[in-house]
Amino acid sequence: MNKALSFTETHFDRFVDELIDFLRIPSVSTDPDHAKDVRAAADWLADHLRKLGIQTVDVMETEGFPIVYAEHIVDPTKPTILVYGHYDVQPPDPLELWDSAPFNPVIKNGDLYARGACDDKGQLFMHLKAAESFLSGAKALPLNVKYIFEGEEEVGSEHLPGFLTKHKNLLAADVAVVSDTALFGNGVPSITYGLRGLAYVEVVLEGPDRDLHSGVYGGAIENPINALAKMIADLHDENHRVTIAGFYDNVIALTPEERSTFASLPFDSDEWVHDVGAKKPRMENGYSVLEGTTARPTLDCNGIWGGFTGKGAKTVLPARAHVKISCRLVPGQTPDEITAKLKAHFEKHVPATMKLTFTNLHGGHGALVDTNSDAMKAASEAMEGVYGEKPYMVRCGGSIPIVADFKKILGQETVLMGFGLDSDAIHSPNEKFGLDRFRKGIDSIIRFMDIYSKG
Ligand code: BES
Ligand code: MN
Ligand code: MN
């Protein structure tokens, strides 16, 4: 292990240069104009794995973007880990808000700025560099490693569950390891044991069959925007709880132990709120900011449109109003269940003057992983070795739906060892990844592989 750690130390600048090459590929999965680039990122990864000396590397086709699968089996009697990551990225828009071009990475004050720097190219690359440090620095991996890197995470991982089912034997491992979450704070080590799920829908209300003069018709024809705004406002009550019937029925409640742990975490909610320029936090009554953002379900409008939104004024009574709504779910809730409840709610409350169209866009399950597994203990010890203190066990508010499938389809627990920060601006302009965290991430993974290999 020490040889691997010192290999990283010696070659770290080159590791950063290689990551910069990887980040130059604009692998935006949601944009058909970038389909070639997404494939180029898959090929780049496969080539890189081959150069490291990984035994088997394959770019496996799906009906969407390919899955890069690789494995290196040193000894079938040793533990096997399945490393997952995603090589696709979010669109960089709005471009004008970037201080440097999103696909022309730059280093400023020790941070590497680029789309995907943290989510997730920079983080998955730590696993490649940990493997290289063993293979080149210590001449061998301490355990068996399988890699699975997908190109559709940012658009809902449509083809990955089918791939897991089809290749169950190929993917057999003792535990899945994912670096695609955040640390609790800068320099504050943590391991994530909970993720939220997602239910994403679109709702359209249609009133008259065309846009109307608001002077001629206003007053007797109900306005779809007014009606939709009222329906949206009614989705929360005065306690900031979601009013959908049965919304909270299957929520697995926080345990008293979890609540007291949450309360003891080194978290400054004022600072956190000020960082995003908000005046003050606002949660469901009875819950803290940390609970509200990571362990309680939510409902948020993601976009709303209709009528006249151009320059100047136009007196129009629009024919339609649209909204995109997503719910963050917690373990116990399922996307199908919540989508059905949302649909029933809108159908029940739609005004008699309106026609409703309800579309399910996508969803994913949340996850809670076993905090006492051997792999968790190894991860904790590994991070303690790097950071000098035991990592906190935390929940993250984001979603990585495939984690639930690792359990359901492959029967594997997952270790979520991520090194991002909330302030890394993933999905936002000026995404970054601190090079100190890139380094500590590689070191933590090297230590994890070594400790876990010893059982
Ligand atoms: N890496 C994120 C998820 C994440 C973010 C976990 C922050 C923990 C902390 C992932 O790439 C992501 O963005 N997931 C999407 C869900 C997906 C179904 C589009 C999300 O959370 O919105
Ligand atoms: Mn991610
Ligand atoms: Mn993401």
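Every number for a ligand or one of its atoms is a count from 1 in the order of the listing.
In terms of modelled atom types and a separation under 3.5 Å, the side chain of T293 and the main chain of L290 share a donor-acceptor contact. Not one N or O on the side chain of D234 forms a donor-acceptor pair closer than 3.5 Å with the backbone of M231. Not one N or O on the side chain of E413 forms a donor-acceptor pair closer than 3.5 Å with the backbone of M376. Remark: side-chain polar atoms of N239 are not paired, donor with acceptor, to backbone N or O of N285 under 3.5 angstrom.
Annotation: F247 is not in aromatic contact with H345 [ring centroid separation under 6.0 Å not met]. Taking the six-membered ring for Trp, F163 and H159 have ring centres at least 6.0 Å apart. Taking the ring centroids of F438 and F12, they lie under the 6.0 Å cut-off.
Nearest N/O/S atom of H427 with respect to the Mn ion (ligand 3) is recorded as NE2.
Put simply, no part of Q90 is less than 4.0 Å from ligand 1, judged by heavy atoms. Within the 4.0 Å heavy-atom shell around ligand 1 one does not find D120.
The two residues F184 and P266 come nearest to each other via the heavy atoms CE2-O, 3.5 Å. In plain terms, the two heavy atoms of V188 and L183 that are nearest each other are O-CB, 3.8 Å.
The part of I426 lying near ligand 1 is the side chain, judged by heavy-atom distances below 4.0 Å. With a heavy-atom cut-off of 4.0 Å, R328 touches ligand 1 through its side chain alone. Here C396 has side-chain heavy atoms under 4.0 Å from ligand 1, and that is the only part of it that gets that close. Residue H86 touches ligand 1 through its side chain alone, judged by heavy-atom distances below 4.0 Å.
For atom 6 (C) of ligand 1, the closest non-hydrogen atom of the protein is D180 O, 3.7 Å. Protein heavy atom at the shortest distance from atom 14 (N) of ligand 1 is S399 O, 2.9 Å. For atom 10 (C) of ligand 1, the closest non-hydrogen atom of the protein is E153 OE2, 3.2 Å.
With contacts defined as side-chain heavy-atom distances shorter than 4.5 Å, the pair T30/P91 qualifies.
The Mn ion (ligand 2) has H86 NE2, D119 OD1, D180 OD1, D180 OD2 as its protein N, O or S neighbours under 2.8 Å.
By the side-chain contact (heavy atoms from CB on, under 4.5 Å) test, D37 pairs with I25, P26, H34, sequence neighbours left out.
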